[in-house]
Asker: 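Sharing a structure below in structure tokens format, with a few things to ask.
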Amino acid sequence: MSFTVGMYLAERLARIGLKHHFAVAGDYNLALLDQLLTNSAMRQVYCCNELNCGFAAEGYARANGAAAAVVTFSVGAISALNAIGGAYAENLPVILISGAPNSNDHGTGHVLHHTTGGTEYSYQIEMARRLTCAAESITDAASAPAKIDHVIRTALRESKPAYLEIACNLATAACVRPGPGSALFSSPEPDETSLRAALDATLDWLKPRERVVLLVGSRLRAARSAEAAIALADRLGCAVTVMAAAKGDFPEQHPGFRGVYWGEAGDPGARELVETADGVICLAPVFNDYATVGWTAWPKGKTVLLADPDGVTVGGMAFGGFGLGRFLAELAERAPPRPATARETGFSPSRIAPAAPDAPLTNDEMCRQIGALLTPDTTLTAETGTAWFDVMGMALPNGARLELEMQWGHIGWSVPAAFGNAMGAPERRQVLLVGDGAFQLTAQEVAQMVRYACPVIVFLVNNRGYVIESAIHDGPYNTIKNWDYAGLLDVFNAGEGHGLGLRAATGAELEVAIAAALANRKGPTLIECAIAHTDCARSLVTWGRHVAAANARPPQPR
Ligand code: DPX
């Protein structure tokens with residue numbers, strides 16, 4: 001059998017560790033899908049639509065390090081681009097692969113289906129360029145290997161999504177085979193002079209400071225520097241706080257752990273620690289409006305050292321050209337101990353007292369029971385909305401992972417992302433906490449959890465509307481049509497699956513439902529939790545007030 005462009009792509013995707021790729025079929029990608037199927041190292045996994053396909057790949061990349069989604073031209077790819085924007089915001093290497101017009105139709109004046117009706121087809125790659133770190137169009141076989149390798153290598157190196165479009169007649173075109181070696185993983189040599197200077201400047205900055213705190217940010221994981229951050233925390237012996245978007249990215253049982261720094265919405269004491277420290281070492285933070293609680297909690301100035309994935313700013317100077325992991329590992333060898341902040345403070349995770357078993361289910365009781373489910377091998381995915389605030393109060397055992405999409409914040413992300421995560425990490429206990437409003441965007445992907453027998457436990461918070469939006473700015477647009485959420489599982493099973501839909505309106509009912517969910521290993525279990533519309537974490541109300549104030553700032557006079 002001769003080797004093809006599609007086979008080359010398949011071999012390269014398998015080479016970077018993909019055991020699955022996600023797909024929605026369309027006539028521009030059918031020949032490509034056939035070629036990908038010839039590679040026995042990878043399984044093709046189907047999604048209900050391309051937005052979900054992109055988010056499933058995003059969730060898979062969280063579990064597996066990288067992912068691929070294969071879609072058709074325009075009608076498919078433009079939907080998937082929303083999820084690719086999410087992967088960019090969340091620093092995940094997702095390769096979006098789109099089928100494209102036949103190479104003979106480019107530049108010939110032919111009008112094609114699934115296009116905007118003109119005769120020029122570069123608009124899709126132009127859109128993709130704004131949302132990816134590399135984008136290539138394959139219209140000849142000779143340049144395909146270099147383009148495929150460039151796209152994959154850049155995505156891995158930058159931890160960002162990349163885009164590839166393949167003319168529909170090129171997937172089966174004859175192509176050379178990839179050679180052995182690790183060309184896809186190569187990265188530039190670090191600038192040793194700059195690294196030494198950054199370390200010296202950091203040690204000078206640290207010398208007079210006693211009350212030092214580490215603040216862990218959400219890009220630490222993508223920078224593959226979590227271990228180095230622990231080594232630095234061990235060496236300094238200081239207090240460690242995490243930003244909300246990074247909860248779970250630093251072990252909560254570490255002796256230095258002092259909770260979530262999120263302004264007035266964070267853990268008690270964390271704000272005071274960070275804001276009274278004389279040295280705050282910020283590890284790969286993202287200080288956006290949500291993270292800073294409407295710009296009210298933003299460590300800045302001379303007391304702050306910014307250690308970003310691609311460089312360090314300290315003492316009024318910026319140093320670049322080396323990776324964060326290397327910088328932190330070397331700093332962990334040379335830094336002086338700074339235990340004062342850890343000695344002065346303590347941390348005990350908030351404990352929720354059990355509710356009366358037959359009392360109407362409250363948000364607190366639901367959180368208490370979900371918190372008790374978390375094991376070191378749990379991956380907890382929490383949707384944008386009140387779920388963010390719910391999981392902030394849960395103590396994570398070491399090893400448990402928390403998946404959040406706080407930068408992009410697309411409601412509905414979590415359902416396909418949890419599906420993708422479950423495909424990438426089937427050995428972990430997969431738990432999803434999602435609001436009713438968010439669920440309505442992407443609910444059909446639960447059908448794929450049924451199809452692929454993923455035992456995801458879905459807690460569907462039926463609080464009758466957009467509660468977080470009500471906290472920010474209320475109005476009639478925050479109410480939604482109620483659904484029979486638990487009843488959907490029968491619809492998705494269609495007589496041939498093992499999805500289970502349950503309802504809980506009291507603590508006792510929730511306990512019974514969780515026991516049934518743990519016993520159901522052959523498919524998802526959706527537990528619809530009936531919660532009053534006004535019942536949510538108090539921190540949400542505080543946070544919402546500040547974010548609303550930031551949103552409502554009048555235009556500045558020019
Ligand atoms: C919107 C949000 O029911 O959660 O916990 O009740 O808030 P809560 P729900 O899932 O409602 C979500 C809702 C409408 N955000 O409160 S967070 C605006 C929004 C968004 N993403 C997209 N569209 C609108 N974040 C795709």
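One is the number of the first residue; the rest follow in order along the sequence. All ligand and atom numbering here is 1-based and tracks the order in the structure.
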Asker: Looking at atom 17 (S) of ligand 1, what's its closest protein heavy atom, distance included?
Answerer: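 Minimum-distance protein heavy atom for atom 17 (S) of ligand 1 reads Ile468 CG2, 3.2 Å.
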Asker: Does Glu272 pair with Arg258 as a salt bridge, N-O distance under 4.0 Å?
Answerer: no
Asker: Can you report which non-hydrogen protein atom sits closest to atom 4 (O) of ligand 1, along with the distance?
Answerer: Gly435 CA, 3.9 Å
Asker: When you measure from the side chain of Glu58 to the backbone N and O of Ala417, does any donor-acceptor pair fall under 3.5 Å?
Answerer: no
Asker: Can you check whether His113 and Tyr28 have ring centres sitting under 6.0 Å from each other?
Answerer: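 Aromatic pair counts; centres sit under 6.0 Å.
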Asker: Identify, for atom 15 (N) of ligand 1, the protein heavy atom at the shortest distance, and state residue, atom and that distance.
Answerer: Glu469 OE2, 3.2 Å
Asker: How far is atom 3 (O) of ligand 1 from the closest protein heavy atom, and which atom is that?
Answerer: Asp436 OD1, 2.6 Å
Asker: If the threshold is 4.0 Å, N to carboxylate O, is there a salt bridge linking Glu365 and Arg368?
Answerer: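 A salt bridge links Glu365 with Arg368.
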Asker: For atom 11 (O) of ligand 1, what's the nearest protein heavy-atom neighbour? Residue, atom name and distance, please.
Answerer: Tyr466 CD2, 3.2 Å
Asker: Which residue holds the protein heavy atom closest to atom 8 (P) of ligand 1, what is that atom called, and what is the gap in Å?
Answerer: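 Of the protein heavy atoms, Val467 N, 3.6 Å lies nearest.
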Asker: For the residue pair Gln407 / Tyr88, report whether a side-chain donor-acceptor contact shorter than 3.5 Å exists.
Answerer: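 Note: Tyr88 and Gln407 side chains miss the donor-acceptor criterion.
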Asker: Which atoms of ligand 1 are found less than 4.0 Å from any heavy atom of Asn463?
Answerer: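 Those of ligand 1 that fall under 4.0 Å from Asn463 are 5 (O), 6 (O).
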Asker: Report the member of Gly409, Gly544, Gly412, Ala438 with the shortest heavy-atom distance to atom 25 (N) of ligand 1.
Answerer: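 Looking at heavy atoms only, the winner is Gly409.
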Asker: Suppose we measure from atom 9 (P) of ligand 1 to each protein heavy atom; which comes out shortest, and what is that distance?
Answerer: Gly437 N, 3.5 Å
Asker: Please list, in number order, the atoms of ligand 1 under 4.0 Å from a heavy atom of His410.
Answerer: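 Listed by number with element: 21 (N), 26 (C).
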Asker: Can you tell me if Glu158 and Thr154 form a side-chain donor-acceptor pair at under 3.5 Å?
Answerer: no
Asker: Among Arg429, Arg428, Arg401, which residue meets the side-chain hydrogen bond (donor to acceptor under 3.5 Å, both in side chains) test with Thr379?
Answerer: Arg428
Asker: Considering only non-hydrogen protein atoms, determine which one is nearest to atom 5 (O) of ligand 1 and report residue, atom name and distance to 0.1 Å.
Answerer: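 Checking every protein heavy atom, the shortest distance to atom 5 (O) of ligand 1 gives Thr386 OG1, 2.6 Å.
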Asker: With a 4.5 Å heavy-atom cut-off, do Tyr123 and Ile78 have their side chains touching?
Answerer: yes
Asker: Measure the distances from the heavy atoms of Gly465 to every atom of ligand 1 and state whether one is below 4.0 angstrom.
Answerer: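 It does, in that a heavy atom of Gly465 comes within the 4.0 Å cut-off of ligand 1.
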Asker: For ligand 1, does Ile411 get within less than 4.0 Å through its side chain, its backbone, both, or neither, judged by non-hydrogen atoms?
Answerer: both
Asker: Check whether any side-chain heavy atom of Gln444 lies under 4.5 Å from a side-chain heavy atom of Val491, and answer yes or no.
Answerer: no
